[in-house]
> 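The structure that follows is given in the form of structure tokens.
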Amino acid sequence: KAKDLGKNNVQFYHSGMKEQLLKRTRLEELLLSGLYRGEFEVVYQPQIVARTGQLRGFEALLRWNCPELGQVSPADFIPIAEETGAIVPIGEFVLREACRMNGELYRRFGLQPVMSVNVSPVQLKQVSFADRMIHIIRESGIPAERMELEMTENTVIDTIDTSLEWLKRMQSFGVKLAMDDFGTGYSSLSYLIRLPIHTLKIDKSFVRDMGKRRSHSILESIIQLAQRSGFKVVAEGIERSDQLQRLREWGCDYLQGYYFSKPLTADQMEEYVRLNCSRQSTAGVTM
Ligand code: C2E
Ligand code: MG
Ligand code: MG
Ligand code: MG
């Protein structure tokens, strides 16, 4: 009996793997053709200045509306795009769109937000990709300091030889550089201060757990230490007003999360801006 069970388990395991594989190759095919068919869309999540409640800028986030698979989450397709290299043209598409939106916000509403774009480890591995990204930003006419590039700690540290050169080029070009998901990797602040990074984005897991006593004090010290080391601090994943209050008390610089807004499509952006970005508006936040 035990033997039968074992056998079944093995079979089950294999058929599961095959399914996974099929799904994967199919996804690979669909990804690139999807990019050229215009199935990718960039959505924008507001970031708020903690002290004033005003808009700091937006994070550009990729969405894939695949006619065959429906809405696919970036968590599912980005790893595959990275493996196949498709992330390079896809990443350049996001950057171009984000620059375009930034220009549109200025022309139509007089806004000068900072637009943050996620950069994949694959894009960091070659200095030539940095040059291409610089070219895209230059071509768009957006001042470099109104663009920010986000990368994760481990990405930078794993590829430190090329990424240091990459970061230096970006720094001298003038874009802002942010460490995403800060606190989940294995770097330390003493290491990060040697890199040309401007902003630390505290991972949303810390914000989620801030009701717990220890996470609470860890978060508070991270923010204070980061600020004393000269970084701007963004907290992401803010969903409730108590989180917002605490983070403001602790002196966090910028805030992002569903509490303020979910990521917005280009159409929703217009309404958001009209409602939240008049001269003295505080983006819907009671200060
Ligand atoms: P990330 O860069 O850390 O982005 C933040 C994620 O948190 C986004 O998920 C956002 O929608 C979500 N989020 C924002 N506020 C809240 C909140 O209050 N609560 C919760 N639970 N979640 C919140 P999303 O859009 O699904 O993206 C997931 C990840 O995919 C991103 O994490 C980023 O690592 C990656 N990604 C997204 N777009 C791109 C892209 O254009 N290029 C690259 N390389 N990666 C991207
Ligand atoms: Mg990010
Ligand atoms: Mg990320
Ligand atoms: Mg993050």
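When a ligand or atom number is given, it counts from 1 through the structure's own listing order. Count residues from 1 along the sequence.
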> Would R26 and E68 count as a salt bridge (Lys or Arg N to Asp or Glu O under 4.0 Å) here? Give the steps.
CA-CA 10 Å; R26 189 78 193 106; E68 195 166 317; 3.0 Å; yes

> Contact between ligand 1 and E82 is defined here as a heavy atom of the residue under 4.0 Å from a ligand atom; is it met?
no

> Does ligand 1 have any atom sitting under 4.0 Å from a heavy atom of S73?
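Under 4.0 Å: no for S73.
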
> Within the structure, is a non-hydrogen atom of R63 found at a distance of less than 4.0 Å from ligand 1?
yes

> One residue to check: K201. Relative to ligand 1, which of side chain, backbone, both or neither has a non-hydrogen atom less than 4.0 Å away?
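The answer is neither; K201 stays 4.0 Å or more away.
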
> Looking only at heavy atoms, is any part of V94 under 4.0 Å from ligand 1, and if so is it the side chain, the backbone, or both, or is it neither?
side chain

> I need the OE1(E150)-the Mg ion (ligand 2)-OD1(N118) angle, rounded to 10 degrees.
90°

> Could you label the plane-to-plane angle of the W64 and F40 rings as parallel, tilted or perpendicular, counting under 30° as parallel and over 60° as perpendicular?
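It falls in the parallel class, under 30°.
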
> Just which atoms of ligand 1 are under 4.0 Å from any heavy atom in S120?
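Checking each atom against S120, I get 44 (N).
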
> Could you check if a side-chain atom of V72 sits within less than 4.5 angstrom of a side-chain atom of L30, using non-hydrogen atoms only?
no

> If the cut-off is 4.0 Å to any non-hydrogen atom of E59, which atoms of ligand 1 fall inside it?
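The atoms of ligand 1 under 4.0 Å from a heavy atom of E59 are 2 (O), 4 (O).
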
> Suppose I only count heavy atoms of P263 and a 4.0 Å limit; which atoms of ligand 1 are within that range?
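Reading through ligand 1 atom by atom, the close ones are 11 (O).
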
> Measuring from atom CG of D180 to atom OG1 of T155, what distance do you get when rounded to the nearest 0.5 angstrom?
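Here the rounded value is 9.0 Å.
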
> Any idea which atoms of ligand 1 are less than 4.0 Å away from a heavy-atom of Q45?
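What qualifies from ligand 1 is 14 (C), 15 (N).
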
> Any side-chain to backbone donor/acceptor pair from S261 onto G257? Under 3.5 Å, distance only.
no

> Which atom name does E59 have for its N/O/S atom nearest to the Mg ion (ligand 2)?
OE2

> Does one hydrophobic cluster hold both L55 and Y258, with members joined at side-chain heavy-atom distances below 4.5 Å?
no

> Give the C-alpha distance, both sets of side-chain angles, the deciding distance and a yes or no for side-chain contact (heavy atoms from CB on, under 4.5 Å) between R100 and R96.
CA-CA 6 Å; R100 202 177 52 78; R96 233 177 268 116; over 6 Å; no

> Please name the atom of E236, restricted to N, O or S, that is closest to the Mg ion (ligand 4).
OE2

> Which of the atoms of ligand 1 are close to E239, meaning less than 4.0 Å from one of its heavy atoms?
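It comes down to these atoms of ligand 1: 17 (C), 18 (O), 19 (N), 20 (C), 21 (N).
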
> Are Q256 and Q47 close enough that a side-chain donor and a side-chain acceptor fall under 3.5 Å?
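Yes - a donor-acceptor pair under 3.5 Å links their side chains.
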
> Hey, is the Mg ion (ligand 4) within less than 2.8 Å of some N/O/S atom on D181?
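Short answer: yes, at least one N, O or S atom is under the cut-off.
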
> Check each heavy atom of D181 against ligand 1 and say whether those closer than 4.0 Å belong to the side chain, the backbone, both or neither.
side chain

> Any sub-3.5 Å donor-acceptor pair from N102's side-chain atoms to A98's backbone N or O?
no

> Is the number of heavy atoms from other residues, nucleotides or ligands under 6.0 Å of Y106 OH greater than 12?
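No - once you tally the heavy atoms of other residues, nucleotides and ligands closer than 6.0 Å, there are 12 at most.
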
> Could you check whether any side-chain N or O of Q123 sits under 3.5 Å from a backbone N or O of S120, counting only pairs where one atom can act as donor and the other as acceptor?
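Yes, the answer is positive, given that a donor and an acceptor are paired below the 3.5 Å cut-off.
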
> Of the backbone and side-chain N, O or S atoms of D180, does one lie nearer to the Mg ion (ligand 4) than 2.8 Å?
yes

> Looking at CD of Q45 and OH of Y272, how far apart are the two atoms once the value is rounded to the nearest 0.5 Å?
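Q45 atom CD to Y272 atom OH measures 9.5 Å (nearest 0.5 Å).
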
> Quick one: does R248's side chain have a donor or acceptor within less than 3.5 Å of a partner on A50's backbone?
yes

> Got an N/O contact under 3.5 Å between Y258 and ligand 1?
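Among all N and O atoms of Y258, at least one is under 3.5 Å from an N or O of ligand 1.
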
> As an exercise, identify every atom of ligand 1 less than 4.0 angstrom from a heavy atom of D180.
1 (P), 2 (O), 3 (O)

> Of the choices V43, D203, N118, which has the non-hydrogen atom that lies closest to atom 34 (O) of ligand 1?
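The nearest heavy atom belongs to N118.
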
> When you group the ILVMFWY residues by side-chain heavy-atom contacts below 4.5 Å and let the links chain together, are V114 and F260 in the same group?
no

> Does any N, O or S atom in S116 come within less than 2.8 Å of the Mg ion (ligand 2)?
no

> Show me which atoms of ligand 1 lie under 4.0 Å from any heavy atom of I78.
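Result: 35 (C), 36 (N), 37 (C), 39 (C), 43 (C), 45 (N), 46 (C).
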
> Does Y259, backbone or side chain, put an N or O under 3.5 Å from an N or O of ligand 1?
no

> With only distance considered, is P74 within less than 3.5 Å of ligand 1 through an N or O on each side?
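Between P74 and ligand 1, no N or O pair is found under 3.5 Å apart.
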
